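Written below as structure tokens is the structure these notes are about.
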Amino acid sequence: MPSFQSLSPNVEPPRSEAELLQRALSLAGRSFAEIAQQHQTGIPQHLRKQKGWGGMLMELCLGASAGSKPEQDFPHLGVELKTIPISTKGRALESTYVAITPLLELKGIDWQHSNVRLKLAKVLWVPIIAERGIPVAERVISTPFLWSPSPAQEAMLQKDWEDHMELISLGKIDTITAHQGEILQIRPKAANSKVRTQATGPNGQIIATLPRGFYLRSRFTSGLLADHFGLN
DNA sequence: AGATGATCATTA
DNA sequence: TAATGATCATCT
């Protein structure tokens, strides 16, 4: 199994947003095969057991801080990096994971201080043409772009976030399904369905429940792609 | 076909 | 266990 940490050359963190974007744009049109070769790392046949492979490779290319720290990928720039699998027609093929859903100690947090708002404040989207029939090596990077929520988009995000968090505060986490939320949904985020974490139950007691995460619906991210590439 | 619920690797 | 990086597998 290829190890990024041992095999990749050191890439310095970008010093500015412009440098980051320029670096990202230089990847447009290139395949995973080319990029992996440049970084002297192998390519998995499929992503079934390496779901985050593409994202990790982009982190390497762009000089993101590695590791599992709960902060933005480029803290000094206030930018979060997200790869997004797209069809040849430019449609998002998957939802986008944003952040863990907090289930306990909710008193201090509001939208302004939420992990969702922080992560989405400024995102470098890196679209990858990644239909399932395309071998991983042949998948090609499309044109990356920077995005920040418009006032209307942020209002939608806030509304969904507040609706979800109210239910969680009321001890109703186990009633929430992926059907809820216009653009921001809550889905499981765990190694498997037997994992448990703590939450508040219907009677205010502590219960054990499946860890959840916030995800952007693909309908929404497809819209961002259309906005940027002028496909409206 | 599109979306939901489940799942996989790695690090701290 | 919890956070990072996400896509898979299955159902409607």
Side-chain angles (χ1 to χ4, degrees), chain A residues 1-8 32 36 39 41-75 79-105 114-116 118-120 123-136 139 141 164 173-199 206 208-223:
Chain A
M1 189 174 302
S3 162
F4 290 130
Q5 199 162 36
S6 60
L7 296 178
S8 64
F32 272 155
H39 287 264
T41 188
I43 304 173
Q45 291 301 304
H46 53 73
L47 300 182
R48 184 186 307 167
K49 291 197 175 295
Q50 307 199 204
K51 298 181 178 180
W53 184 83
M56 303 294 280
L57 184 60
M58 290 304 101
E59 287 189 345
L60 280 182
C61 291
L62 299 173
S65 44
S68 58
K69 298 183 287 286
E71 58 184 19
Q72 291 154 315
D73 294 292
F74 303 96
V79 174
E80 174 74 9
L81 172 64
K82 289 287 178 198
T83 60
I84 181 167
I86 65 171
S87 69
T88 54
K89 295 184 176 180
R91 226 261 164 186
L93 295 174
E94 294 286 349
S95 56
T96 299
Y97 170 69
V98 178
I100 287 291
T101 305
L103 301 176
L104 228 43
E105 300 169 20
S114 67
N115 53 2
V116 172
L118 173 67
K119 297 261 179 139
L120 297 183
V123 178
L124 176 62
W125 294 102
V126 180
I128 297 164
I129 301 174
E131 287 173 346
R132 294 196 188 180
I134 305 176
V136 176
R139 296 182 185 181
I141 313 301
H164 289 311
I173 179 60
D174 286 341
T175 74
I176 298 179
T177 77
H179 296 277
Q180 290 155 262
E182 294 293 323
I183 62 175
L184 187 71
Q185 62 181 174
I186 287 180
R187 304 224 306 282
K189 175 60 174 170
N192 60 66
S193 61
K194 294 176 182 174
V195 175
R196 287 295 180 270
T197 191
Q198 291 188 328
I206 296 293
T209 191
L210 189 57
R212 318 298 166 94
F214 286 110
Y215 295 76
L216 293 175
R217 291 187 179 279
S218 56
R219 178 198 317 157
F220 177 72
T221 50
S222 287

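Throughout, a chain's letter reflects where its sequence line sits, starting with A, and its residues are numbered from 1. Everything numeric in this text was worked out from a predicted model, so none of it was measured.
Under the 3.5 Å distance criterion, the side-chain polar atoms of Thr41(A) are left unmatched by any main-chain donor or acceptor of Ala36(A). For the pair Lys82(A) (side chain) and Tyr97(A) (backbone), a donor-acceptor distance under 3.5 Å is present. Remark: the backbone N or O of Gly181(A) is paired with a side-chain donor or acceptor of Arg217(A) at under 3.5 angstrom.
Per the geometry, CG belonging to Leu184(A) stands 12 Å off P belonging to dT4(B), to the nearest Å. Summarising the geometry, the separation between CG on Leu118(A) and P on dT4(C) is reported as 10 Å, rounded to the nearest angstrom. Between the CZ atom of Arg196(A) and the P atom of dA2(C) there is a distance of 12 Å, rounded to whole Å. When rounded to the nearest whole Å, the span between CG of Leu62(A) and P of dG5(C) equals 13 Å. Distance, Trp125(A) CH2 to dG5(C) P: 12 Å, rounded to whole Å. Remark: C1' of dG5(C) and CZ of Phe32(A) are 12 Å apart, rounded to the nearest angstrom. Atom NZ of Lys119(A) and atom P of dA6(C) are 10 Å apart (whole Å). Per the geometry, CG belonging to Asn192(A) stands 7 Å off P belonging to dC8(B), to the nearest Å.
Residue contacts for Lys194(A): at a heavy-atom cut-off of 4.0 Å it reaches no nucleic acid atom on any strand shown. Counting non-hydrogen atoms under 4.0 angstrom, Glu71(A) reaches nothing in the nucleic acid.
In the interface, the side chain of Lys189(A) is paired with the base of dG5(C) through a donor and an acceptor atom under 3.5 Å apart.
When the side-chain contact (heavy atoms from CB on, under 4.5 Å) test is applied to Glu131(A), the partners found at least two apart in sequence or on another chain are Ser87(A), Thr88(A), Leu93(A), Ile134(A). Shown here are the side-chain contact (heavy atoms from CB on, under 4.5 Å) partners of Lys51(A), two or more places apart in sequence or in another chain: there are none.
Between Leu210(A) and Leu93(A), the residue anchored nearer the 5' end of DNA chain B, judged by the nucleotide with its closest heavy atom, is Leu93(A). Checking Gln185(A) against Ser193(A), the closest nucleotide of DNA chain B that is more toward the 5' end is the one next to Gln185(A).
Nearest nucleotide to the Arg91(A) side chain, out of dG5(C), dG5(B), dA3(B): dA3(B).
The aromatic rings of His164(A) and Phe214(A) are tilted relative to each other, their planes meeting at an angle between 30° and 60°.
Residue Gln45(A) places its CD atom among 12 or fewer non-hydrogen atoms of other residues, nucleotides or ligands, all under 6.0 Å distant.
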Sugar-phosphate or base contact per nucleotide [nucleotides 7-12 of chain C; S, B, -; heavy atom under 4.0 Å]: BBB---
